[in-house]
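One structure is given below, encoded as C-alpha cells.
Whatever order the structure lists ligands and atoms in, that order sets their numbers, starting from 1.
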Amino acid sequence: MSAITNSPASRAPRSFDLQSFLVSRTAKVNAALDRFLPAAATRPATIHKAMRYSLFAGGKRMRPALCLAAAAACDGRETEAMPLACAVECIHTYSLIHDDLPAMDNDDYRRGKLTNHKVFGEGIAVLAGDALLTQAFEIAAQCKGWPRYPHQQIFLEIARAAGSLQLIAGQVADLEGEGRKISAQQLRYIHERKTSALLCCSVRLGGMSANGTAAQLKALTDFGYHVGLAFQVIDDILDVTQTSEQLGKTAGKDTKAQKATYPAIVGLEKSRKIAEQLTAKAFAALKVFKGKAVPLEALAEFLLKRDR
Ligand code: GRG
C-alpha cells in the first residue's frame, strides 16, 4: 500500500501517510487487546487460546482505525477511544468466527489461517465467539465515560449495533436470502445491517470518546453509513475478482452459495460505480470537520481501493 497521492479521485492531502497511520495504530490496538484479554494460559486455557487465535490472526483492524480516526476528527485523545476501538474489534471477530461455522457460511479459512472451528472444534468456536462478544462489553466498561455520553449511552450504542435489529438482522436476512432472487432494495437492507452498522458504530464511538457535539455525531453517522455500504460492495467485488490466497479466505463463495451481491445483480462495472458514489457521499459528510478528518478521508479512500 502506498502513501495517498493527489489523483482526482484522491481526497486526502499528499502529506498524510496512511500506511504509517495504519501500522502504528494496528500496533497500539494489538497491544491494548493483549492487555484487555485474559492471558492464553488462564484457565480454562482452551477458550482463551481460541479467543486469541482469531483475534490475533491478522485482521486489517479497519474498525479500530476508523474509531481512532473519528476521535481525532473531534479533537479527542486516542487513548480515551482505545477501549471502544478494542471492543468493536472483539465484536467483529466474534461475528467472523460464528459466520464461518458449518451452520452458517461453513468456511475453512479466515484471515489467511484455518478458521476457529477447524482448529478448536465447533463447540469451542461457538464459545470463543460468545466470549468475545461478552468481552467487548467488559472492555467498553473500562472507558472513562463523557458528559454527553455516559457509560449507559456507550453500552446502548454497542448493543444496538450488534443486536437483533442490526448485525444479527443482517445475518438472518443473508441466510434466508441464499439461493433466492432478491431485489437491490433487499440487498441494501442486508448490507446496512450486516456490514454498515458496526462500521458506523465504530466511528460514532470514536466521536463519543471525544465528547463530540450532536452535529459531529450526525456527520460521523452519515460518513460511517456510506463507508459501510461501500465496504460491502467492494467485499462482494473482491469475492469474484481475487484469489483465496489474496483474500485469506475462500474466494468465489458468494457465487457458489447463490448469494445475492451487487456484482450478481448489476454487474462488476456498475458495482464499482456504486462503491465510488457511496464513498463520495462519505467524503461529503466530513465537510463539517473543516480539514480535521484527513485520516478518515484517507481510510475511506483506502477501503474503496483495497485489494483484500
Ligand atoms: C454471525 C452475528 C453474525 C454476523 C456475521 C461478519 C458477518 C456477519 C459475516 C461475514 C461475512 C461478511 C461479508 C460480513 C460483512 C462484513 C465484512 C465484509 C467482514 C470482513 O471484514 P474485514 O474485511 O475483515 O474488515 P478482517 O479480517 O480484515 O478484520
- Does Thr195 reach ligand 1 with a nitrogen or oxygen that is under 3.5 Å from one of the ligand's nitrogen or oxygen atoms? no
- Item | Pair Trp146-Gln153, side-chain donor/acceptor within less than 3.5 Å | no
- Message: Could you check whether Thr115 and Asp107, counting side-chain N and O atoms only, form a donor-acceptor pair closer than 3.5 Å?
- Response: no
- Message: Counting non-hydrogen protein atoms only, what is the nearest one to atom 10 (C) of ligand 1? Give residue, atom name and distance.
- Response: Asp99 OD2, 3.0 Å
- Task: Specify whether His98 and Tyr94 have parallel, tilted or perpendicular ring planes, treating 30° as the upper limit for parallel and 60° as the lower limit for perpendicular.
- Result: perpendicular
- Query: Which protein heavy atom lies closest to atom 2 (C) of ligand 1, and at what distance to 0.1 Å?
  - Reply: Tyr94 OH, 3.4 Å
- Query: So, are Asp235 and Arg306 salt-bridged, with charged N and O less than 4.0 Å apart?
  - Reply: yes
- Message: Quick test of your reading of the model: are Glu301 and Lys305 salt-bridged, counting only N-O distances below 4.0 Å?
- Response: yes
- Query: How does Gln232 reach ligand 1, if at all, at less than 4.0 Å between non-hydrogen atoms: by side chain, backbone, both, or neither?
  - Reply: side chain
- Just checking, any donor-acceptor pair under 3.5 angstrom between side chains of Glu192 and Tyr225? yes
- Query: Where on Met62 is there a heavy atom closer than 4.0 Å to ligand 1, on the side chain, on the backbone, on both, or on neither?
  - Reply: neither
- Message: Counting only nitrogen or oxygen atoms and a 3.5 angstrom limit, does His98 reach ligand 1?
- Response: no
- Query: Which residues pass the side chain to side chain contact (heavy atoms under 4.5 Å, CB included) test with Ser95, sequence neighbours left out?
  - Reply: His92, Leu167
- Item | Validation row: Cys74, Phe289 side chains within 4.5 angstrom (heavy atoms) | yes
- Query: For ligand 1, which atoms, with element, lie under 4.0 Å from some heavy atom of Lys60?
  - Reply: 22 (P), 23 (O), 24 (O), 25 (O), 26 (P), 28 (O), 29 (O)
- Heavy atom of the protein closest to atom 8 (C) of ligand 1 (residue, atom name, distance): Gln171 OE1, 3.3 Å
- Note on the structure: atom 6 (C) of ligand 1: closest protein heavy atom, distance to 0.1 Å, is Ser95 OG, 3.1 Å
- Item | His92: numbered ligand 1 atoms lying under 4.0 Å from its heavy atoms | 19 (C), 20 (C), 21 (O), 22 (P), 24 (O), 25 (O), 26 (P), 29 (O)
- Quick one: look up the protein heavy atom nearest atom 14 (C) of ligand 1 and list residue, atom name and how far away it is. Lys194 CE, 3.9 Å
- Message: Regarding Arg110 and Asn116, do their side chains bring together a donor and an acceptor under 3.5 Å, going by distance alone?
- Response: no
- Item | Which of the ligand 1 atoms, numbered from 1, are nearer than 4.0 Å to a heavy atom of Ile168 | 2 (C)
- Message: Between Glu89 and Arg63, does any side-chain N to carboxylate O distance fall below 4.0 Å?
- Response: no
- Message: Within ligand 1, which atoms have a heavy atom of Asp235 less than 4.0 Å away?
- Response: 13 (C), 18 (C)
- Query: Numbering the atoms of ligand 1 from 1, which are under 4.0 Å from a heavy atom of Arg111?
  - Reply: 26 (P), 27 (O), 29 (O)
- Task: Run the contact test for Arg63 against ligand 1 with a 4.0 Å cut-off on heavy atoms, strictly below, and give the result.
- Result: yes
